[in-house]
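Written out below as structure tokens is the structure these notes cover.
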Amino acid sequence: MPQVYINQLSQHAGEEVTLKGWLYNMRASGKLLFPQLRDGTGVVQCVVFKKNVPEEMWESVKSLGQESAIVIRGAVRADERAPGGYEIDVSGVEVVQAVEGYPITPKEHGTEFLMDHRHLWLRSRRQHAILKVRHTVVRAVRDFLDNDGFTLCDTPILTPAACEGTTTLFEVDYFGDEKAYLSQSGQLYNEATAAAFGKVYCFGPTFRAERSKTRRHLTEFWMVEPEMAYATLDDVMNLSERFISSIAGRVLEERGEELKVLERDTAKLELLVPPFPRLPYDDAVKMLQEGHERGELETRFEWGGDFGAPDETYLSSKYERPLMVHHYPAAVKAFYMARSPERDDLALGVDVLASEGYGEVIGGGERATSLAFLEEQLKLHDLPREAFEWYLDLRRYGSVPHAGFGMGIERCTAWMCGIEHVRETIPFPRMLYRLRP
RNA sequence: UCCGCAGUAGCUCAAUGGCAGAGCAUCCGGCUGUUAACCGGAGGGUUGUAAGUUCGAGUCUUACCUGCGGAGCCA
């Protein structure tokens, strides 16, 4: 008797099969039992008729609690009454472990309770669907970059100093005599590998010790950062468009079932094809100020600042597609950003604001090439020169225009799924006040 | 760090300052097609912690703890 997975059942209609999994839920009706089996690929309803099975088997199945581990043998039959279209006429059951008192019941639960039981919550349909979408987002990211000539060059997680010097870092004791920090970006190292390989990317966990408590924040998240030698701001914007569009396409193609479970409006994802609107910062400020005059925004936005969450939401609400805002004031961007040749106070940076109010999903731009400029910037930002000496070498030996961006996997996944909070898009979220499980 | 909201049965939530309640889950019983099944019964409580006001506090006051939402900051 072949062992099959639930997502292959349609290929085995009429056959006797073996399924190995866990009891998802069970309904009973007199001499009938409807155990629902979950095996990691899906859920299938099984049917047990009392008179068709031995008495002891009937009794043992009847008493099984939610999430009991079981192996079921039976015939696959197409049936309209069954959720999923197929059901199993059970002829044999092996109880691997009978379970009593599984904490997560089919009814409603609060966030705190579910997060405390995250290790079990992952088994539920919705969480399963979200993490399958994440899996596809990650594969789409890798496939896109690999097929586009990028080389994976991962950057260190333990680093000697801040990459950008601004945000808060997690500090680690490094054998007593030195301090190390968990990486908040692979950016600077990417510039080194880009000079070696041309087009590179790093993809790994990133750590930000910000005391942020919003639906868009995690203290540990995954970020993919492509970097290209001999590239400009325009190249970054072109790449961003194709990148997001290819991810959305893959999710639509491979995760239709999951998007249905999540009740995602897929029309919104179908819109994610180039070109995306491009808006200079100056024009964005005008839009925000006009919005304030019309009473659509509480506070008047002044030129020179970085956008707050309400500003981002307002701007992106004016477009159906993601909005690329570029040419920010240099003062609000990182020290390594290149300046506009026309206006020295503007940085060649771009933020991609996701549609539907999902906020900044990509941030990037063109990097400064001049040694003298960067030496000055390090001083202005009060950064330790010694720690950046290797980085300055990149400007001494074959410095060329280069550019890249970073995209947060969890923000992207939350957007694709159409869910409220990034905490559900990573198996074990790390947040302010949440380190367990 | 700041602002707001919340904490009562395993879970989700009720309860004018006056007897601690319901649904689900669990256990027992019924039902041959259930779809979050349904019907009947049973068990289940230091009302987040500490102090205070009061004849009397789940309810009012103060502090603390925990969580949620938001701001700043960011991907």
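The shown structure was predicted, so the numbers you read here are calculated from the model rather than taken from an experiment. Every chain is numbered from 1, with letters handed out A, B, ... down the list of sequences.
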Set of side chain to side chain donor-acceptor pair (under 3.5 Å) partners for [X], sequence neighbours left out:
X: A:Asp146; result: A:Tyr201
X: A:Glu263; result: none
X: A:Tyr24; result: none

For residues 61-76 of chain A, the side chain to side chain donor-acceptor pair (under 3.5 Å) pairs (sequence neighbours left out) are A:Arg38-A:Glu67, A:Glu67-A:Arg123
Closest-nucleotide 5' rank along RNA chain B - winner of A:Arg77 and A:Tyr102:
A:Tyr102
Give RNA chain B the dot-bracket treatment, 5' to 3': Watson-Crick (N1-N3 with N6-O4 or O6-N4) or G-U (N1-O2, O6-N3) under 3.5 Å, [ ] crossing, | other strand.
(((((((..((((....[..)))).(((((.......))))).....(((((..]....))))))))))))....
Inter- and intrachain pairs under ring-ring contact (aromatic ring centres under 6.0 Å, His included), touching residues 274-302 of chain A, at least two apart
A:Tyr281-A:Trp303, A:Tyr281-A:Phe307, A:Tyr281-A:Tyr328, A:Phe301-A:Phe307
Residues which pass side-chain contact (heavy atoms from CB on, under 4.5 Å) with A:Thr111, listed by chain and number, not counting sequence neighbours
A:Met115, A:Arg423
side-chain contact (heavy atoms from CB on, under 4.5 Å) involving A:Thr155 - partner list, sequence neighbours excluded
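side-chain contact (heavy atoms from CB on, under 4.5 Å) check on A:Thr155 returns A:Tyr189, A:Asn190, A:Cys202.
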Give me, pair by pair, the N or O atoms of the protein and of nucleotides 29-31 of chain B that are less than 3.5 Å apart, along with how far apart they are.
unit_1: B:rC31; atom_1: N3; unit_2: A:Gly30; atom_2: N; d: 3.0

Any N/O pairs under 3.5 Å between the protein and nucleotides 20-24 of chain B? List them or say none.
none

Hey, can you pull the residues of residues 411-421 of chain A with a non-hydrogen atom under 4.0 angstrom from RNA chain B?
A:Arg411, A:His421
For residues 408-419 of chain A, which side-chain N or O atoms pair as donor and acceptor with protein atoms under 3.5 Å away, sequence neighbours left out?
unit_1: A:Glu410; atom_1: OE1; unit_2: A:Trp222; atom_2: N; d: 3.0
unit_1: A:Glu410; atom_1: OE2; unit_2: A:Arg134; atom_2: NH1; d: 2.9
unit_1: A:Glu410; atom_1: OE2; unit_2: A:Arg134; atom_2: NH2; d: 3.3
unit_1: A:Glu410; atom_1: OE2; unit_2: A:Trp222; atom_2: N; d: 3.2
unit_1: A:Arg411; atom_1: NE; unit_2: A:Arg216; atom_2: O; d: 3.1
unit_1: A:Arg411; atom_1: NH1; unit_2: A:Glu360; atom_2: O; d: 2.8
unit_1: A:Arg411; atom_1: NH2; unit_2: A:Arg216; atom_2: O; d: 3.3
unit_1: A:Thr413; atom_1: OG1; unit_2: A:Ile409; atom_2: O; d: 2.7
unit_1: A:Trp415; atom_1: NE1; unit_2: A:Ser355; atom_2: OG; d: 3.3

